[in-house]
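Notes for the one structure printed next.
Counting begins at 1 with the first residue of the sequence. In each ligand, atom 1 is the first atom listed, and ligand 1 is the first ligand listed. Below, all heavy atoms of this structure are taken into account, side chains as well, without hydrogens, waters or symmetry copies.
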Amino acid sequence: MTSTVSSPSRTIRIGSRKSQLALVQTHWVQEQLQKHYPNRTFEVHTMSTQGDNILDVALSKIGDKGLFTKELELGMLHNQVDFAVHSLKDLPTNLPEGLVLGCVTERENPADALVVHEKHKDKQLDTLPPGTIVGTSSLRRLAQLRHHYPHLEFKDIRGNLNTRLAKLDAGEYDALILAVAGLQRLGMAERIHQAIPSDVSLHAVGQGALGIECRAEDAEVLELLKALEHKPTAQRCYAERAFLRELEGGCQVPIGVQTVIEGETLTLTGMVASLDGQRLIKDTTSGAATQAEELGIELANKLKDQGAQAILNEIFAEIQR
Ligand SMILES: NCc1[nH]cc(CCC(=O)O)c1CC(=O)O
């Protein structure tokens with residue numbers, strides 16, 4: 001066992017995926033930590049994950065949880081890196097033995113964004129004509145948009161943000177749904193045509209926040225990471241993650257959430273939808289923000305009582321085909 005006893009000379013190795021978005025996020029974390037701890041050394045180690053390598057299969061069909069995280073987790077368990085920076089929404093709700101979510105950073109706008117081809121620049125989601133081809137690889141976005149806009153058509157899309165935008169501009173799609181946060185972090189906020197209102201699309205669990213995963217035993221790293229923790233974001237995301245965990249959904253199921261903290265009170269809204277958008281179950285619960293996980297579990301059970309489990313079972317069977 002390698003010693004992790006505090007020593008000012010210990011270099012902290014940060015694991016990251018190689019995508020442009022991952023690197024922007026990781027370098028931001030590195031920079032913030034460097035500001036807080038000017039005498040320490042933080043270096044970035046990049047790794048490819050399965051999700052980066054398999055680009056020709058719909059994400060929902062690959063089905064494996066941890067598609068974007070597994071290699072980084074092995075890196076931590078094998079002591080090649082000390083912590084990993086993830087988009088929190090890509091981090092499964094159950095972590096491998098020995099690893100923990102050490103820190104949740106302040107969330108950016110968690111909403112989904114409509115991005116349109118030039119020819120639709122005068123349109124909004126409400127006015128896109130029948131047959132408009134919307135690119136998304138997310139079953140959550142697909143189900144909710146089908147529910148509200150049954151006249152639109154949906155086509156799967158994979159690849160990093162630049163690849164997707166290039167496919168849109170080349171006319172393969174008329175519009176895309178992407179995360180506001182990703183576009184903002186990559187300096188492409190001008191491509192956000194419309195932030196989609198939450199009554200149309202509830203966002204993914206953890207969307208817009210970064211989650212930093214580290215070894216449970218590494219007290220030194222856990223202490224360093226406290227500098228970047230944003231408590232309200234963490235409470236919201238703990239509620240969202242407990243909701244998803246209780247429904248046993250990964251990032252590839254049509255489950256959406258929204259959370260608000262007012263004073264000491266956390267309000268969590270969640271929904272589960274069928275893939276055709278015909279059935280959509282949505283409810284809300286409120287309580288003490290300090291009881292975030294309990295609220296998530298409570299809301300999941302409320303939705304199960306209203307038929308969410310049957311919808312999810314159908315989807316799991318569908319995906320496995
Ligand atoms: N699954 C891909 C992914 N993971 C995180 C983001 C965006 C940033 C975020 O939500 O924090 C994206 C792209 C997207 O959904 O458009």
Side-chain angles (χ1 to χ4, degrees), residues 16-26 28-29 49-55 57-70 72 84-93 101 103-116 134-142 144-145 154 156-168 173 175-189 191-196 198 201-213 230 233-234 236-237 240-241 244 249-259:
S16 176
R17 290 171 53 200
K18 294 175 181 172
S19 78
Q20 200 188 350
L21 179 61
L23 285 172
V24 166
Q25 296 178 161
T26 301
W28 180 83
V29 167
T49 65
Q50 271 182 58
D52 298 306
N53 295 329
I54 311 174
L55 286 173
V57 184
L59 276 182
S60 56
K61 295 264 178 202
I62 308 176
D64 191 22
K65 293 180 192 173
L67 207 56
F68 292 108
T69 55
K70 199 183 276 169
L72 295 166
V85 180
H86 308 285
S87 290
L88 184 54
K89 83 166 175 186
D90 295 330
L91 185 66
T93 55
L101 180 54
C103 169
V104 176
T105 65
E106 184 167 6
R107 182 175 239 172
E108 305 239 8
N109 183 348
D112 290 326
L114 176 72
V115 179
V116 295
V134 181
T136 177
S137 59
S138 147
L139 300 180
R140 174 185 59 81
R141 291 168 179 157
L142 172 75
Q144 293 186 100
L145 290 176
F154 298 90
D156 199 57
I157 186 164
R158 289 288 320 276
N160 64 38
L161 273 180
N162 287 315
T163 311
R164 292 185 195 201
L165 291 168
K167 288 180 180 177
L168 171 70
Y173 300 84
L176 302 180
I177 312 295
L178 296 167
V180 165
L183 289 165
Q184 281 176 341
R185 291 202 186 103
L186 288 178
M188 295 194 275
R191 298 289 319 238
I192 302 170
H193 188 66
Q194 181 188 359
I196 302 179
S198 61
S201 185
L202 292 180
H203 60 72
V205 164
Q207 188 158 313
L210 306 184
I212 304 180
E213 188 183 17
H230 186 254
T233 303
R236 290 168 65 187
C237 291
E240 295 172 12
R241 287 171 64 78
L244 184 63
C251 64
Q252 294 309 319
V253 285
I255 294 179
V257 292
Q258 186 186 33
T259 43

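Under a 4.0 Å criterion applied to the non-hydrogen atoms of Leu178, ligand 1 contributes the atoms 16 (O). Taking a cut-off of under 4.0 Å to the non-hydrogen atoms of Ser87, the atoms of ligand 1 that pass are 4 (N), 5 (C).
Residues Gln20 and Asn162 have side chains that bring a donor and an acceptor to within less than 3.5 angstrom of each other. Inspection of the Asp112 and Gln144 side chains reveals no N or O donor paired with an N or O acceptor under 3.5 Å.
Distances between N or O atoms of Arg141 and those of ligand 1 include at least one value under 3.5 Å. In terms of polar-atom proximity, defined here as any N/O pair under 3.5 Å, Gln207 makes no such contact with ligand 1. Residue Ala181 has no nitrogen or oxygen atom sitting less than 3.5 Å from a nitrogen or oxygen atom of ligand 1, judged on distance alone. Distances between N or O atoms of Ala179 and those of ligand 1 include at least one value under 3.5 Å.
Of all the heavy atoms of Arg158, none lies under 4.0 Å from any atom of ligand 1, so neither backbone nor side chain is involved.
At least one heavy atom of Arg185 sits closer than 4.0 Å to an atom of ligand 1. At a 4.0 Å cut-off, not a single heavy atom of Arg164 sits close enough to ligand 1 to count as contact.
Judged purely by atom type and a 3.5 angstrom limit, Ser19 uses its side chain to pair as donor or acceptor with the backbone of Ala22. Of the possible polar contacts, none joining the Arg107 side chain to the Arg236 backbone as a donor-acceptor pair under 3.5 Å is found.
Remark: Arg241 engages no residue in a salt bridge (Lys or Arg N to Asp or Glu O under 4.0 Å) (not counting sequence neighbours). Residues meeting the side-chain hydrogen bond (donor to acceptor under 3.5 Å, both in side chains) test with Gln184, sequence neighbours left out: none.
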Next item on the list: Please test Leu186 against Val24 for side-chain contact (heavy atoms from CB on, under 4.5 Å), starting from the C-alpha separation and ending with a verdict.
Entry: CA-CA 7 Å; Leu186 288 178; Val24 166; 3.8 Å; yes
